[in-house]
Number of protein chains: 2
Amino acid sequence: MSRPLREPSYFVLAALIDGPLHGYAILKQVLELSDGRVRLSTGTLYGALERLTADGLLLPGAEEVVEGRPRRAYSLTPTGLTAVTAEAERLEAAARVVMARTSIVRVSPA
Amino acid sequence: MSRPLREPSYFVLAALIDGPLHGYAILKQVLELSDGRVRLSTGTLYGALERLTADGLLLPGAEEVVEGRPRRAYSLTPTGLTAVTAEAERLEAAARVVMARTSIVRVSPA
DNA sequence: TACGACGTGTCGGCAACCGATATATGGGGA
DNA sequence: TCCCCATATATCGGTTGCCGACACGTCGTA
């Protein structure tokens, strides 16, 4: 069992659920998935890609050149999919803890 | 708008929604709220209390001595309550992003 | 008397993020 | 032509916040 993923890493994994993407495309996908809230810096992105790969959550593809620009696509490993799913459940449980204590409308009579 | 709270800080705030608690009681409350998953070290706890106080999310009470032991209770400020609620919504939204992409049962015919 | 629960606190190390910077291609507008 | 912006990858130093270990002290109980 690993420590919780921080938001940037979590969204990197989330961006790859639908299929492999290269770094810059992940940047845009994360922005979209987070409704414009999470704007990854490239320092964060490439650091995370390297780390998540080392942890076995991502699998890097071969570098290919598209329209004169080099690209490298990353895909989720089964471990990565498991990790991001487990993390989503953790987040949801944590959210519930607070919501249950703030949004309950008291129904009991005065 | 601030950066996301990390899990330990988030649970410290969450523990105080029901009312003020002192440090050691927060430790136990967090353990309970998180279903035994989040066990804060005192280093994390007192560091977080200091920081969250400096950020205006917590208000420390006066030190009082109970049964020979000193205590200091902390309470959530309105800003703190707003922050932890907003964070809960962020967490839930993040969880949804992944759940929507992994848990959909395909209904379309083969 | 020793140990564990209670209770607060410090310190150094570390992982991850963040902003700035670097490098390079391709396309479009002034 | 020249400049800027989007595309695309990569490095680096600084900061933040967590983490484990340690320190100090009380109280109850075996």
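Atom set for the values below is all heavy atoms of this structure, side chains included, hydrogens, waters and symmetry mates excluded. Reminder, nothing fancy here: chain letters follow the sequence lines and each chain counts from 1.
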In whole Å, what is the span from the [atom1] atom of [X] to the [atom2] atom of [N]?
X	N	atom1	atom2	answer
Leu40(A)	dA8(D)	CG	P	16 Å
Leu27(B)	dA5(C)	CG	P	13 Å
Leu45(A)	dG19(C)	CG	C1'	14 Å
Arg39(B)	dA5(C)	CZ	P	11 Å
Phe11(B)	dC18(D)	CZ	C1'	15 Å
Leu13(A)	dC17(C)	CG	P	10 Å

**Report entry** Nucleic acid contacts - residues 61-74 of chain A versus DNA chain C, non-hydrogen atoms under 4.0 Å
**Finding:**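 Heavy-atom cutoff 4.0 Å gives Glu67(A), Gly68(A), Arg69(A).
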
- Task: Check each residue of residues 15-25 of chain B for a non-hydrogen atom within less than 4.0 Å of any atom in DNA chain C, then write out the ones that pass by number, or none.
- Result: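 The answer is His22(B), Gly23(B), Tyr24(B).
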
> If you round to the nearest 0.5 Å, how far is OG of Ser75(B) from CG of Leu81(B)?
Replying inline: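 Result: 11.5 Å between the selected atoms.
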
In the single-linkage hydrophobic clustering (I, L, V, M, F, W, Y; side-chain heavy atoms under 4.5 Å), do Ile17(B) and Leu13(B) co-cluster?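 Yes, it is one cluster - the side chains of Ile17(B) and Leu13(B) are joined through contacts under 4.5 Å.
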
Note to self: With clusters defined by side-chain heavy atoms of hydrophobic residues (ILVMFWY) lying less than 4.5 Å apart, directly or transitively, does Val84(B) cluster with Met99(A)?
What the structure shows: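 Result: no, two separate clusters.
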
A correct 5'-to-3' footprint of nucleotides 10-16 of chain C, with B, S and - meaning base, sugar-phosphate only and no protein heavy atom under 4.0 Å, is B----SS

Minimum heavy-atom separation for Leu57(B) to Thr79(B), with atom names?
->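 Answer, listing the atom of Leu57(B) first, then Thr79(B): CD2-CG2, 3.6 Å.
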
Check your understanding: Does Arg69(B) reach the main-chain N or O of Val66(B) with its side chain, forming a donor-acceptor pair under 3.5 Å?
Key ->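 Not a single qualifying donor-acceptor pair exists.
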
*Any donor-acceptor N or O pair under 3.5 Å, side chains Ser9(A), Arg51(A)*: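 There is such a pair (donor and acceptor under 3.5 Å, judged by atom type) between the side chains of Ser9(A) and Arg51(A).
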
**Q.** Close side-chain approach of Val65(B) and Arg71(B), heavy atoms under 4.5 Å
**A.**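 Of all side-chain heavy-atom pairs linking Arg71(B) with Val65(B), none is under 4.5 Å.
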
Original post:
So do the side chains of Tyr10(A) and Val98(B) get within less than 4.5 Å of each other, counting heavy atoms only?
Top reply: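 In contact.
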
Glu7(B)/Arg90(A) ion pair, N-O < 4.0 Å =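 Salt bridge between Glu7(B) and Arg90(A), a charged N being under 4.0 Å from a carboxylate O: yes.
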
Discussion item. Between Lys28(A) and Glu32(A) (salt bridge meaning N to carboxylate O under 4.0 Å), is one present in this structure?
Written reply: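 The answer is no: the pair does not qualify as a salt bridge.
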
N/O (side chain, Lys28(B)) to phosphate O (OP1/OP2, dA5(C)) under 4.0 Å: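 No, no such contact exists.
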
Do Tyr74(A) and Leu59(A) pass the side chain to side chain contact (heavy atoms under 4.5 Å, CB included) test, and can you show the C-alpha distance, the side-chain angles, and the key distance before you say yes or no?
CA-CA 6 Å; Tyr74(A) 290 82; Leu59(A) 190 67; over 6 Å; no

